[in-house]
Structure formats: structure tokens, C-alpha cells
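Note sheet for the following structure.
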Amino acid sequence: MDTAEKLAYVVRSPTEEVLTEEDLRVLFDEGRAIDHYIGFEISGLIHLGTGLMAGAKIADFQKAGITCRIFLADWHAWINNKLGGDMDTIRKVAVGYFKEGMAVSVKIMGGDPDKVRYILGSELYADDPDYWATVINVSKNLTLARVRKSITIMGRQQQEDVNFAQLIYPPMQVADIFSQDLTLVHSGIDQRKAHVIAREVAPKIGRDKPVAVHHKLLLGLNQPPVWPVEKSQMRELLSQMKMSKSIPKSAVFIHDSPEEIREKLRLAFCPAGNIDFNPVLDWAQSLLFRNEGFALEVSRPAKFGGDVVYPTFESLQTAFAAGELHPMDLKKAVAEALTQLLEPARDLFAQPRHAAMLEELREIKVTR
RNA sequence: CCCGACUUAGUCUAGCCUGGUUAGGGCAGUGGACUGUAGAUCCACGAAUCGCCGGUUCAAAUCCGGCAGUCGGGACCA
């Protein structure tokens with residue numbers, strides 16, 4: 001496989017940006033082993049924006065010959081008060097649930113979960129005697145203002161009150177990258193600030209700049225806080241419109257039942273004819289049509305036009321924009337296709353061992 | 001360590017000075033109506049140990065004392 005083909009895998013949807021494509025091209029051309037990572041706070045149930053979006057890119061990366069790893073950020077979750085801020089709970093969930101959930105997500109999107117390495121944050125820190133020196137080294141090259149601005153990577157508002165530990169989080173996230181000698185760091189676009197810091201700090205502390213790949217965020221199913229959305233503000237508002245665990249109706253989880261999937265999509269925000277901001281279309285594009293040969297099958301009563309099949313996202317989008325496809329029919333079709341896609345995750349978590357863990361997790365208070 | 005301000009539903013907040021109706025409102029939420037979806041709109045509804053402990057009083061969110069938390073300032077700067 002030549003560089004162009006590999007690049008195409010990296011850049012394809014749902015990738016939103018690569019910092020920088022040129023840097024990545026050089027890595028491919030030199031034939032160097034590329035070590036990828038994506039990190040997650042251990043924060044509760046895995047929704048499609050976490051599992052499938054990351055899984056999609058991991059599958060692409062693997063096809064491009066990149067070695068992938070998933071970083072289970074237990075310390076970060078602890079600092080950010082996830083799962084009640086209880087480290088024992090976080091560790092248990094990380095290994096017993098999160099790892100399994102991410103693995104099946106990778107599989108669903110066409111990747112090989114057995115070729116993914118899973119690293120627990122606390123293990124990395126225990127194994128690397130220089131880790132905390134790296135944190136300090138990174139911190140010495142950051143101002144307080146810069147760190148404060150970067151706390152949006154924790155899902156916090158910039159003006160929000162944070163405790164001091166939360167200010168240590170961004171430099172730690174950057175140190176994670178150097179400690180693992182990563183060449184390609186990956187995340188949703190919401191983590192961009194951390195990766196930009198890593199690229200800026202790298203030369204100052206004698207490290208190579210990692211290439212950063214950011215995928216777009218899956219839209220939440222709920223109505224955005226501002227509507228209608230001006231196209232010019234779309235970018236700024238996008239983080240508020242993303243799928244969120246703390247807004248239950250905005251998210252479908254990887255192990256949701258067919259009934260839950262159907263019901264959540266039924267309640268989804270979906271203005272007829274609108275293709276600029278439409279979570280249902282967005283999901284179809286990002287999660288369904290990326291799979292080779294996928295076609296969306298819509299079954300509807302004859303009085304509404306009868307059954308139709310859309311072989312490409314473009315054909316679907318055009319029909320919807322033209323009002324040829326009613327939102328309800330779209331929702332039903334997408335729910336059906338998603339239900340099929342997520343079957344492996346449902347099966348996995350239906351197994352007694354995993355079901356128990358999931359049940360336990362559902363009872364643990366999910367803190368923002 | 002000292003001084004001051006603040007603390008009312010998920011959230012923002014009114015009321016406190018001048019004790020006394022069911023502690024009011026916005027946003028969020030829930031249910032319904034209307035739409036072949038959702039949203040918008042209209043109607044209805046649920047939700048608050050008034051930070052904690054004690055005191056005064058017939059009666060305390062309201063007055064007094066103590067404690068805690070948050071924020072701001074001061075002190076310390078060998």
C-alpha cells in the first residue's frame with residue numbers, strides 16, 4: 001500500500017482535520033512504525049460518539065498499517081470527578097466495562113480489537129519513572145492562562161470554577177503522549193487544544209511533534225440550545241450540540257436495546273428538509289454510510305410513497321432536502337440500521353459477566 | 001491567621017433590612033393539544049430539609065450565636 005492510499009484512510013470521514021497531513025506523509029514515506037493512541041476518561045456508559053466514532057477511525061488506521069492503542073485514563077477521570085470521583089470504581093469500570101465496550105465498538109466499525117493495545121493510566125505512570133518529570137517539563141512551558149483556556153478538553157466551560165487538580169489534567173494529558181512515545185495522537189475535535197499544546201511544547205522539550213488526527217463529533221439527538229443555527233457560528237456551537245451522557249436523550253449507547261434505539265430516534269430533533277443541521281442525517285452519514293456497500297432501506301406505506309432504497313448518502317441527502325423523504329421514515333430506517341449495526345455490542349453485554357458489570361455501572365451515580 | 005461578602009429546586013434567581021398567606025419567577029424537565037417526526041406554539045404539571053447546628057419568639061428563609069463551604073481583601077514576605 002502506498003502513501004497516498006494510507007493517507008486516504010486517515011483522512012476519510014469522520015476525520016475532520018489532520019495536523020498536519022504533510023507531517024504524516026513524511027512518516028509514511030519514511031516507512032516508520034506509527035504508534036497511535038486515543039484516550040478516554042472512564043466516565044460512564046459508552047455512547048456512539050465515543051465508541052463508534054473512535055472505532056471507525058481505529059479501523060481506518062489499522063488498514064493503513066498503524067498500530068493502535070486505547071488509553072484508559074483513570075487518573076483523568078478521577079481528577080475530573082467522574083463516577084463520583086472514586087478511583088476504585090473508576091479502575092473497576094475501566095477494565096471490566098470500558099475496555100470491553102471499546103473493543104466491541106472497534107469490531108463493529110470493521111477494525112480488529114485484538115490488535116489494539118489497552119493501557120491503563122495508572123500503569124503507565126507506575127512504569128515510567130520519568131512521567132512526573134515530563135508533566136513538570138510540559139508545565140514549565142505553559143502559562144496559567146493557557147492551561148485555563150484548555151480546560152474545555154475536560155468538558156468544562158472556560159469560565160467554570162475548577163479546582164487545582166483540574167489544572168494539572170491538561171499537562172498530564174500532554175505528558176501521556178510523550179511518555180508513550182506516540183507518533184500519532186487521535187481524539188474527537190473537542191480534544192484539539194491538548195494536542196496543539198503537545199505539538200507546540202514538543203520541540204521545546206526535545207521531542208518530535210506528534211501528528212494529530214481529530215474526528216468530528218457526532219451530533220446529539222436533542223434540539224441545539226440555539227436554533228436556528230447560523231452557519232458562521234456552527235463551529236463554536238458544535239461542542240454544545242454534541243452527544244452527551246449528561247443529556248440522556250441526546251445519546252444512544254452502544255448496548256441500547258432496539259426499543260430504546262427506536263424511541264430515542266423517534267424523539268430526535270429532525271427538521272424536515274434541513275440538511276445543514278440534522279442529527280439523524282449526521283448519524284446516517286458518519287456511522288452507516290461509511291461501510292462499503294451500505295444502502296439505507298426505507299420501508300413506508302404506499303400512501304407515503306412506498307419502499308425506497310438509498311444506495312449513497314448523497315442520494316439520501318438530496319431526497320431529504322427535496323422533501324421526498326419524511327423525517328419519520330428517515331428515523332425509522334436509521335433506527336433499524338443502527339440496531340443491526342449494534343448487534344455485537346448488545347450480544348456482548350447480554351452475556352452474564354458483562355451484563356452484571358453493566359447493571360452495576362448503571363447504578364453508580366454518573367457525575368458530570 | 002484576621003476582616004468582609006455570599007450560600008434558596010437540575011440551574012439562575014426573588015423574598016431577608018421592616019419576622020406572620022400554599023417560599024414567587026426564568027431556563028431546564030414531565031404530561032397533553034396541534035402537526036405523518038422532533039422542534040416551535042398553546043395548555044397543564046412535578047420539583048426546594050431556604051448550607052448545617054443551636055437560640056430568641058405564639059410564629060424564623062427572614063433576627064441572634066456558632067460551624068462549614070465558596071469568593072474577595074489583608075497579614076506573613078525571614
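In this text, all values refer to a predicted model and were calculated from it rather than measured experimentally. Labels below follow one simple rule: chain letters A, B, ... track the order of the sequence lines, proteins then strands, and each chain is numbered from 1.
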- Would you call the rings of A:H354 and A:F349 parallel, tilted or perpendicular, where under 30° means parallel and over 60° means perpendicular? perpendicular
- Taking the P atom of each, how far is B:G20 from B:C64, in whole Å? 15 Å
- Message: Applying a 3.5 angstrom cut-off to the pairing atoms, does RNA chain B sit in any stems of at least three consecutive Watson-Crick or G-U pairs? List them by first number.
- Response: B:1-7 with B:68-74, B:10-13 with B:24-27, B:29-33 with B:41-45, B:51-55 with B:63-67
- When rounded to the nearest Å, what value does the distance between P atoms of B:A68 and B:U21 take? 33 Å
- Message: Using atom C1' in both nucleotides, what's the gap between B:C45 and B:C63 to the nearest angstrom?
- Response: 37 Å
- Using atom CG of A:D329 as one end and atom C1' of B:U37 as the other, report the distance to the nearest whole Å. 9 Å
- Query: Relative to each other, are the rings of A:F269 and A:F277 parallel, tilted or perpendicular (30° and 60° limits)?
  - Reply: tilted
- Query: Say you pick atom C1' in B:G72 and the same atom in B:G65; how far apart are they, in whole Å?
  - Reply: 24 Å
- Query: Does one side chain, of A:H215 or A:E16, offer a donor that lies under 3.5 Å from an acceptor on the other?
  - Reply: no
- Tell me yes or no: between the side chains of A:E259 and A:S257, is some donor less than 3.5 Å from an acceptor? yes
- Task: Could you work out the separation of B:U7 and B:C43 based on their C1' atoms and round it to a whole Å?
- Result: 36 Å
- Item | Whole angstrom value for the distance that separates P of B:G39 from CG of A:N274 | 15 Å
- Item | Span that lies between the C1' atom of B:U62 and that of B:G55, in whole angstrom | 15 Å
- Query: Can a salt bridge be assigned to the pair A:E22 and A:R25 using a cut-off of 4.0 Å between side-chain N and carboxylate O?
  - Reply: yes
- When the distance from NE2 of A:H326 to P of B:G39 is rounded to whole Å, what number comes out? 13 Å
- Query: How many Å lie between CG on A:L221 and C1' on B:U37, as a whole number?
  - Reply: 12 Å
- Query: Atom CZ of A:F164 and atom P of B:C71: how far apart are they, to the nearest Å?
  - Reply: 14 Å
- Under 3.5 Å, is there a donor-acceptor pair linking the side chains of A:D74 and A:S122? yes
- Whole-Å distance between B:G36 C1' and A:E324 CD? 17 Å
Write down the protein N/O and nucleotide N/O pairs, taken from nucleotides 27-35 of chain B, whose separation is under 3.5 Å; answer none if there are no such pairs.
from, atom 1, to, atom 2, distance (Å)
B:U30, OP1, A:K249, NZ, 2.5

- side chain to side chain contact (heavy atoms under 4.5 Å, CB included) with A:V252: which of A:T339, A:L287, A:L221, A:L218? A:L221
- Task: Any chance you could lay out the salt bridge (charged side-chain N to carboxylate O under 4.0 Å, His left out) test for A:D60 and A:R12, step after step, and finish with the verdict?
- Result: CA-CA 8 Å; A:D60 288 338; A:R12 75 178 283 227; 3.0 Å; yes
- Message: Please determine whether the number of non-hydrogen atoms from other residues, nucleotides or ligands lying under 6.0 Å from atom NZ of A:K216 exceeds 12.
- Response: yes
- Task: Between B:C27 and B:A14, how far apart are the C1' atoms? Round to whole Å, please.
- Result: 15 Å
- Could A:K99 and A:Y97 be counted as a cation-pi pair, given that NZ or CZ must be under 6.0 Å from the ring centre and within 45° of the axis? no
- Where along residues 262-271 of chain A does a heavy atom fall under 4.0 Å from RNA chain B? A:R266, A:L267, A:A268, A:F269, A:C270, A:P271
- Query: When the distance from CZ of A:F304 to C1' of B:U37 is rounded to whole Å, what number comes out?
  - Reply: 11 Å
- Message: Can you tell me how the ring of A:H76 sits relative to the ring of A:Y169, calling it parallel under 30°, perpendicular over 60° and tilted otherwise?
- Response: perpendicular
- Message: Measure CZ/A:F277 against P/B:A38 and give the value in whole Å, please.
- Response: 17 Å
- Message: Using the C1' atom as the point on both nucleotides, what is the distance between B:U11 and B:G32, in whole Å?
- Response: 26 Å
- A:H195 and side chain to side chain contact (heavy atoms under 4.5 Å, CB included): which partner among A:I153, A:L19, A:I177? A:I177
